[in-house]
Amino acid sequence: MKNLLLGHDDQVANWAFNRFGYERARYDMAVGIVDDGSLVAAALFHSYNGPDVEISYYGPKTMTLGVVRQLAKLAVEGLGVSRITARTAKNNKAMKKGIKKIGFEFEGVRHNGYGKYDALMYGLYGANLAKLAGQAVH
């Protein structure tokens, strides 16, 4: 079972940036995903503005529905958001398929969102976010 690692933001973010070869970027919270005692993935919350936060996930083939539920609960209860925004590369077929299954809605294209590559934008809010976070749906 995968668990969240909280309170080690800098170590988790540095692990993600170094492991996956990305330039260090600003973030508001970094959460590690641990499996059998090893860090296998990271979720970085960034661009937090009160009601909305963007999430980036680093760790191919490590995302499960349980991890997504834990992250949604953390965003709603810990950050107090009513919306999570996610983006993925236009050519990331697995993420495009999976993100819709968990309730994110396609919202548009951010041209050159990844430098010379386009990014697809998705939003999770309202009843879909509440349900995923384990909250009562009104």
Side-chain angles (χ1 to χ4, degrees):
M1 179 176 169
K2 294 180 177 79
N3 296 304
L4 300 186
L5 174 65
L6 303 172
H8 299 277
D9 294 32
D10 288 339
Q11 293 130 321
V12 169
N14 287 333
W15 175 88
F17 297 139
N18 293 332
R19 168 101 180 186
F20 297 101
Y22 292 106
E23 287 187 37
R24 187 166 177 77
R26 294 179 59 188
Y27 61 90
D28 298 295
M29 180 190 297
V31 179
I33 291 78
V34 176
D35 192 14
D36 288 330
S38 296
L39 188 59
V40 296
L44 274 60
F45 291 102
H46 50 94
S47 303
Y48 174 70
N49 68 7
D52 184 22
V53 68
E54 190 165 328
I55 189 168
S56 295
Y57 191 88
Y58 304 86
K61 300 182 182 176
T62 61
M63 188 183 295
T64 65
L65 184 56
V67 166
V68 172
R69 284 184 173 145
Q70 290 179 74
L71 292 170
K73 185 173 183 171
L74 178 63
V76 170
E77 294 179 5
L79 296 173
V81 301
S82 57
R83 172 193 169 85
I84 299 173
T85 301
R87 64 178 148 161
T88 189
K90 197 172 184 179
N91 65 352
N92 189 338
K93 292 178 184 176
M95 185 61 78
K96 289 189 319 189
K97 182 179 177 182
I99 202 164
K100 287 183 180 179
K101 283 184 178 179
I102 58 175
F104 278 84
E105 295 182 27
F106 175 73
E107 295 185 326
V109 177
R110 182 178 282 177
H111 296 285
N112 298 104
Y114 290 115
K116 62 182 178 178
Y117 302 104
D118 290 345
L120 302 181
M121 304 301 297
Y122 295 87
L124 180 66
Y125 48 87
N128 287 339
L129 177 57
K131 181 178 174 184
L132 196 60
Q135 307 287 311
V137 178
H138 304 289

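Considering every non-hydrogen atom in both I55 and A43, the closest pair reads CD1-CB, 4.2 Å. Across every non-hydrogen atom of A72 and L129, the tightest pair is CB-CD1, 4.2 Å. Counting all heavy atoms, side chain and backbone alike, F17 lies closest to E23 at CD2-O, 3.8 Å. The shortest heavy-atom contact between R87 and A119 is CD-CB, 4.1 Å. Contact between H46 and R26 at its shortest, heavy atoms only, is CB-O, 3.6 Å. The two atoms that bring K2 and V40 nearest to each other are CE-CG2, 4.5 Å, heavy atoms only.
In this structure, Y22 is not a member of the same hydrophobic cluster as F45, with clusters built from ILVMFWY side-chain heavy atoms closer than 4.5 Å. No continuous path of ILVMFWY side-chain contacts below 4.5 Å connects Y58 to L71, so the two sit in separate hydrophobic clusters. There is no path of hydrophobic side-chain contacts, each under 4.5 Å, that joins L79 to L44. Cluster annotation: V67 is connected to L6 through the hydrophobic network of ILVMFWY side chains, with a link wherever side-chain heavy atoms come within less than 4.5 Å. There is a path of hydrophobic side-chain contacts, each under 4.5 Å, that joins V109 to L124.
Looking at heavy atoms from C-beta onward, Y125 lies out of side-chain contact with D52 at the 4.5 angstrom threshold. Between N128 and E105 there is a side-chain heavy-atom pair separated by less than 4.5 Å. Residues F104 and I84 have side chains in contact (heavy-atom distance under 4.5 Å, counting atoms from C-beta outward). Using a 4.5 Å cut-off on side-chain heavy atoms (C-beta onward), M63 and Y57 make contact. Within the 4.5 Å cutoff, the side chain of I33 has heavy atoms near those of the L4 side chain. Here the side chains of T62 and D35 are not in contact, with every heavy-atom distance at 4.5 Å or above. In this structure the side chain of D9 never reaches within 4.5 angstrom of the side chain of D28, judged on heavy atoms. Residues L74 and M29 form a side-chain contact, since some pair of their non-hydrogen atoms from C-beta on lies under 4.5 Å apart.
In this structure, the side chain of N14 engages the main chain of D10 through a donor-acceptor pair within 3.5 Å.
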Could you go through the side chain to side chain contact (heavy atoms under 4.5 Å, CB included) check for T88 and I99 one step at a time?
-> CA-CA 9 Å; T88 189; I99 202 164; 5.7 Å; no
Could you go step by step and tell me if K96 and Y122 meet the side chain to side chain contact (heavy atoms under 4.5 Å, CB included) rule?
-> CA-CA 9 Å; K96 289 189 319 189; Y122 295 87; 3.7 Å; yes
Residue pair N91, D118: steps toward the side chain to side chain contact (heavy atoms under 4.5 Å, CB included) verdict = CA-CA 9 Å; N91 65 352; D118 290 345; over 6 Å; no
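From F106, atom CZ reaches atom CE of M121 across 10.0 Å, with rounding to the nearest 0.5 Å. Atom CG of residue L65 and atom NZ of residue K101 lie 11.0 Å apart, to the nearest 0.5 angstrom.
Ring geometry for F20 against W15 counts as perpendicular: the plane angle is over 60°, on a 0 to 90° scale with 30° as the lower cut.
The local environment of NZ in K73 is sparse, with at most 12 non-hydrogen atoms from other residues, nucleotides or ligands closer than 6.0 Å. Heavy atoms from other residues, nucleotides or ligands lying under 6.0 Å from CG of N112 number more than 12. Atom OH of Y117 is surrounded by 12 or fewer heavy atoms from other residues, nucleotides or ligands within 6.0 Å. In R24, the CZ atom is crowded: over 12 heavy atoms of neighbouring residues, nucleotides or ligands sit closer than 6.0 Å. Surrounding NZ of K90 are at most 12 heavy atoms belonging to other residues, nucleotides or ligands under 6.0 Å away.
Looking at Y27 and S56, their side chains never bring a donor and an acceptor atom within 3.5 Å of each other.
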